[in-house]
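Shown next, in structure tokens, is the structure this report addresses.
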Amino acid sequence: MDSADIRLQLEACHARSYQWAKQCCDGDRTEAEDVLQAAYLKVLDGRARFAGRSSFVTWLFAVIWRTAADEHRRRSVRLDRLTPLTDEESFACDDAGPAELTERAERRSEITNALAQLPTRQREVLLLVFYHERTVEEAAAVIGIGIGSARTHYARGKLRLRELLEGTEVHDD
């Protein structure tokens with residue numbers, strides 16, 4: 001893939017990349033912008049090379065994730081809260097009435113709070129699979145864990161998320 005193709009790919013997936021960077025940076029927009037810029041520089045100057053072993057987006061998410069992890073280590077920052085899944089304005093709908101908008105906001109808040117209670121790996125895998133539409137295998141590649149581990153985090157994360165959202169305890173026997 002030549003540099004023109006890479007630039008086109010980066011442009012095509014910029015919005016999703018920025019959302020993923022925000023989630024990797026604990027919702028800090030400034031840090032996410034810095035991480036995304038650093039990741040793009042790694043890609044454009046050849047320090048990160050796309051080898052074609054996965055989709056471009058999966059590979060780019062891994063570059064962003066690793067760049068954010070490096071930044072966190074440098075700043076000694078620990079993830080302890082979750083970025084809202086999307087910006088509030090993206091949920092605005094002309095057809096929805098105030099009651100429906102309030103209900104959606106409450107549900108979104110419940111989900112965000114429940115996700116924040118999950119262990120980091122479970123949360124990362126679930127966000128990649130459900131929000132960023134990656135497969136479990138792609139999620140494993142992005143965060144640098146084995147597929148078996150990713151599947152375990154995925155299954156346990158879904159179970160725990162359901163428990164938190166339903167207010168019940170489901171035991172994994």
**OP:** For L164 and L115, run side chain to side chain contact (heavy atoms under 4.5 Å, CB included): C-alpha distance rounded to whole Å, both residues' side-chain angles, the deciding distance at 0.1 Å, then the answer.
**Re:** CA-CA 9 Å; L164 291 167; L115 281 166; over 6 Å; no

Original post:
Which atoms form the tightest heavy-atom contact between E138 and R134, and what is the distance?
Top reply: OE1-CA, 3.3 Å

**OP:** Taking all heavy atoms of A68 and all of V35, pick out the closest pair and write down the distance.
**Re:** N-CG1, 3.7 Å

[atom2] on [Y] to [atom1] on [X], rounded to 0.5 Å:
X: R156; Y: L126; atom1: CZ; atom2: CG; result: 13.0 Å
X: Q122; Y: L127; atom1: CD; atom2: CG; result: 12.0 Å
X: E31; Y: L36; atom1: CD; atom2: CG; result: 12.0 Å
X: R53; Y: T58; atom1: CZ; atom2: OG1; result: 13.0 Å
X: T112; Y: Q117; atom1: OG1; atom2: CD; result: 11.5 Å
X: L165; Y: R162; atom1: CG; atom2: CZ; result: 10.5 Å

Subject >> Residue pair C25 / E71, side-chain heavy-atom distance below 4.5 Å >> reply: no

**OP:** For F130, enumerate each residue passing the ring pair (Phe, Tyr, Trp, His ring centres under 6.0 Å) test, keeping only those at least two apart in sequence or located in another chain.
**Re:** Y154

**OP:** Only counting residues at least two apart or in another chain, list the ones meeting ring pair (Phe, Tyr, Trp, His ring centres under 6.0 Å) with W65.
**Re:** none

**OP:** Examine distances only and state if a side-chain atom of D28 and a backbone atom of T30 form a donor-acceptor pair shorter than 3.5 Å.
**Re:** yes

Original post:
Distance-only, no hydrogens or angles: does the R123 side chain make a donor-acceptor pair with backbone N or O of R121 under 3.5 Å?
Top reply: no

Original post:
In terms of hydrophobic clusters joined by side-chain contacts under 4.5 Å, are L41 and L60 together?
Top reply: no

Subject >> Result of checking Y18, W20, Y131 against F61 for ring pair (Phe, Tyr, Trp, His ring centres under 6.0 Å) >> reply: W20

Original post:
Checking salt bridge (charged side-chain N to carboxylate O under 4.0 Å, His left out) for the pair R29/E33: CA distance, chi angles, key distance, verdict?
Top reply: CA-CA 6 Å; R29 290 176 184 253; E33 290 167 0; over 6 Å; no

Atom pairs and distances, side-chain donor-acceptor, residues 141-153, under 3.5 Å, sequence neighbours left out:
unit_1: R151; atom_1: NH2; unit_2: E137; atom_2: OE2; d: 2.6
unit_1: T152; atom_1: OG1; unit_2: G148; atom_2: O; d: 3.0

List the atom pairs, donor and acceptor, that lie under 3.5 Å between side-chain atoms in residues 7-14 and the rest of the protein, sequence neighbours left out.
unit_1: H14; atom_1: ND1; unit_2: Y40; atom_2: OH; d: 2.7

**OP:** Look at R107 together with E103 and state whether they make a salt bridge at an N to O cut-off of under 4.0 Å.
**Re:** no

Original post:
Between the side chains of Q23 and H132, is a donor N or O closer than 3.5 angstrom to an acceptor N or O?
Top reply: yes

Subject >> Non-neighbouring partners of A39 that pass side chain to side chain contact (heavy atoms under 4.5 Å, CB included), sequence neighbours left out >> reply: V63, I64, T67

**OP:** Could you list the residues that satisfy side chain to side chain contact (heavy atoms under 4.5 Å, CB included) with D45, not counting sequence neighbours?
**Re:** R47

